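See below for the structure under consideration.
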Amino acid sequence: MLAFIIQRALQAALVMVVMSMIVFLGVYAVGNPVDIVIPPDATIAMREEVIRRLGLDLPLWKQYGIFAWNLLQGDFGRSFIYNMPVLELIGGRLPATLELVLISILFATVTGVSLGIYAGVNPESRIAKLIMGLSILGFSVPSFWVGLILILTFAVHFGIFPAGGRGETVMVFGVEWSFLTANGLSHIVLPALNLALFKMAMMIRLARAGTREAMLSDTVKFARAAGISEATILRRHVLKLISIPIITVFGLELGSTLAFAVVTETIFSWPGVGKLIIDSITVLDRPVMVAYLVLTAFVFVMINFTVDLVFALIDPRIRSGRQKS
Amino acid sequence: MSPVLEVRDLRTEFFTAAGTLRAVNDVSFSLNEGEIIGLVGESGSGKSVTGFSLLGLIDAPGKITGGSVRLKGDELVGMAQPDLRRRRGRDIAMIFQDPIATLNPLLTIGQQMEMALAAHERLSPRASEDRCAEALERVGIPSARARLKAYPHEFSGGMRQRVAISIALLHRPAVIVADEPTTALDVSIQAQIVTEMKMLAREFGVAMIWISHDLAVVSGIAQRIAVMYAGRIVETGPAAQVLRQPRHPYTRGLLDSMPHATAPGQALRQIPGSMPSMMALPPGCAFAPRCAFASPACTSVPELTEAAGRSWRCFHPLDQPAQEGITS
Ligand SMILES: Nc1ncnc2c1ncn2[C@@H]1O[C@H](COP(=O)(O)OP(=O)(O)OP(=O)(O)O)[C@@H](O)[C@H]1O
Ligand SMILES: [Mg+2]
């Protein structure tokens, strides 16, 4: 198990090095920020002074070297535009995105998996057909449109939930959270639902397919023949047998939603990181873009690492280093 | 002595989109305590469905549409599922062909055994562990208590099947349905398992239905043989007699196609043709289109003829000893 962890940690480190290079080069290629940072009427001397201060006169490999060296010390540089440490800038926005994404994904997973298992156990029932119909809808309707409909229905027409913003927050561990206040929670409902629908549809499909396969397996037949009740079979056999694809998708979705919740954040004017990154791209705020992308890569790597560890905990064959049969 | 299991005119049908398929058709047999009956027949003849029907484990679109299954005197056909569940594992158990597929790879052997134990008995964790270790020991698994913590992939195929057998034996059922339990194993291990199952059946008085398409394996374990073709039992009788002197041409065909029925180097004698689709059975005897003895009478279903502990469904039962081919 320890060897497994070390091996995965080394892989993760390698991925991070490569990702940071790709991100740095990619952002470098996007455009020259000097023209945006420096007022048009600046003198040549002023201009050269700024270029020197930002380190833009150095050769590319040196710029990367400085960037990587600072990164290792936890220094992501300063935003060209806001003139404050990038980490502070992103850190101030991250909790909003984090709570929104976690709530929506947990909701999508719990309800999606439950509905999917139900549909897998009773494939011919009317409710199962309704569930599958809903999941097709969840797949095919664009997210921004669902967001608008949610606002029109629940905020404008019925007035049950607010249309945007974070609402009241409370300070816990030095960070502002919305979900801990009743008002904040009511603000989260609609954007979280908006983010959750597509993922729920996916979880329904995964859980249903897995459950159907598991219910037809000899493992379940054998358990039934031993007189084990359906409830126990679902809880102890089926749930475990379907967990691996579900955890995989959970991890992938968690990462990608954290990084790219921007559409929902924009529709519900949710002050998360999505909005920040879009703004920084339009003004070529290079340090923010680079830091954001590197952090995103880091989040993905960490999630994958965790998912692999969870696999090893669930599946003894992975733990003992054997290939899955 | 009254039989522990009495099956009368059992009928199981599948109502599929393509039509109705009668996988088990008026099957009757009975089993005494500790008796082993071999159920043989080609692939698709309805052996497994018969087994599942006995345990009441037929899922939609299938259904038991007639007949009776009496287990220790109680009627199982039509019994409510919760009551049936209480019988399964305790009075009648089943094991399957592929032990890799039957055991859950993600749970330890101990967890799976305790689950099967808890289905019928409330025991303290300690007592439950004792029972499981004991059950493993009984089927010849060394250092049983330690092995409870092992996962299925840490066992060999033969050991895995032993684990499955020990789970089936946990509650000392009166009847075990063994659906091709040795087909997936090496020949040498097959023989071991067959010998051990025979001993266990004698020791605990467990009656067994040993399903196989291999007459050679069945002849080594069963006291009686039932031959199934297209959903019907076409012949039953004491194993030795059925093998020595089959009455039904289909049984003879099966015997002739066994490797040692022909001289070495000679091609195996196959039964001509193949089993008809269960969806479109010919009227009357389903074997008639492949049978060298078929006559116009065979277009109606032959009645069961019983004589001297044997029975068959055929208008033209054989009486000459085996070996002469039925193919002309
Ligand atoms: N769930 C099902 N739905 C529809 N038809 C089924 C179903 N299960 C079995 N059948 C049909 O019932 C018939 C008997 O199948 P069964 O599995 O009992 O055969 P078998 O004698 O056990 O064969 P094998 O030696 O291959 O295991 C087959 O024609 C099969 O197609
Ligand atoms: Mg079968």
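What you see is a predicted model; the values in this text were computed from it and never measured. Every chain is numbered from 1, with letters handed out A, B, ... down the list of sequences.
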Quick one: what part of [X] sits under 4.5 Å from any heavy atom of chain A, side chain, backbone, both or neither?
{"X": "B/Ile92", "result": "backbone"}
{"X": "B/Leu103", "result": "both"}
{"X": "B/Arg85", "result": "both"}
{"X": "B/Ala164", "result": "both"}
{"X": "B/Leu106", "result": "both"}
{"X": "B/Gln111", "result": "both"}

message: Counting neighbours of CZ on A/Phe311 that are heavy atoms of other residues, nucleotides or ligands and sit closer than 6.0 Å, is the number greater than 12?
response: yes
field: Segment of A/Ser217 engaging chain B (4.5 angstrom heavy-atom cut-off)
entry: neither
Donor on one side chain, acceptor on other, [X] and [Y], under 3.5 Å:
{"X": "A/Lys199", "Y": "A/Thr257", "answer": "yes"}
{"X": "B/Thr20", "Y": "B/Glu13", "answer": "no"}
{"X": "B/His171", "Y": "B/Glu121", "answer": "yes"}

message: Under a 4.5 Å cutoff for heavy-atom pairs, which residue among B/Leu84, B/Asp98, B/Leu107 has the most contacts with chain A?
response: B/Leu107
- prompt: Is it true that B/Asp130 and B/Arg126 have a side-chain N and a carboxylate O under 4.0 angstrom from each other?
  reply: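 Answer for the salt bridge query: yes.
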- request: Validate the cation-pi geometry between A/Arg317 and B/Tyr151: distance from NZ or CZ to the six-membered ring centre under 6.0 Å, angle to the ring axis within 45°.
  value: no
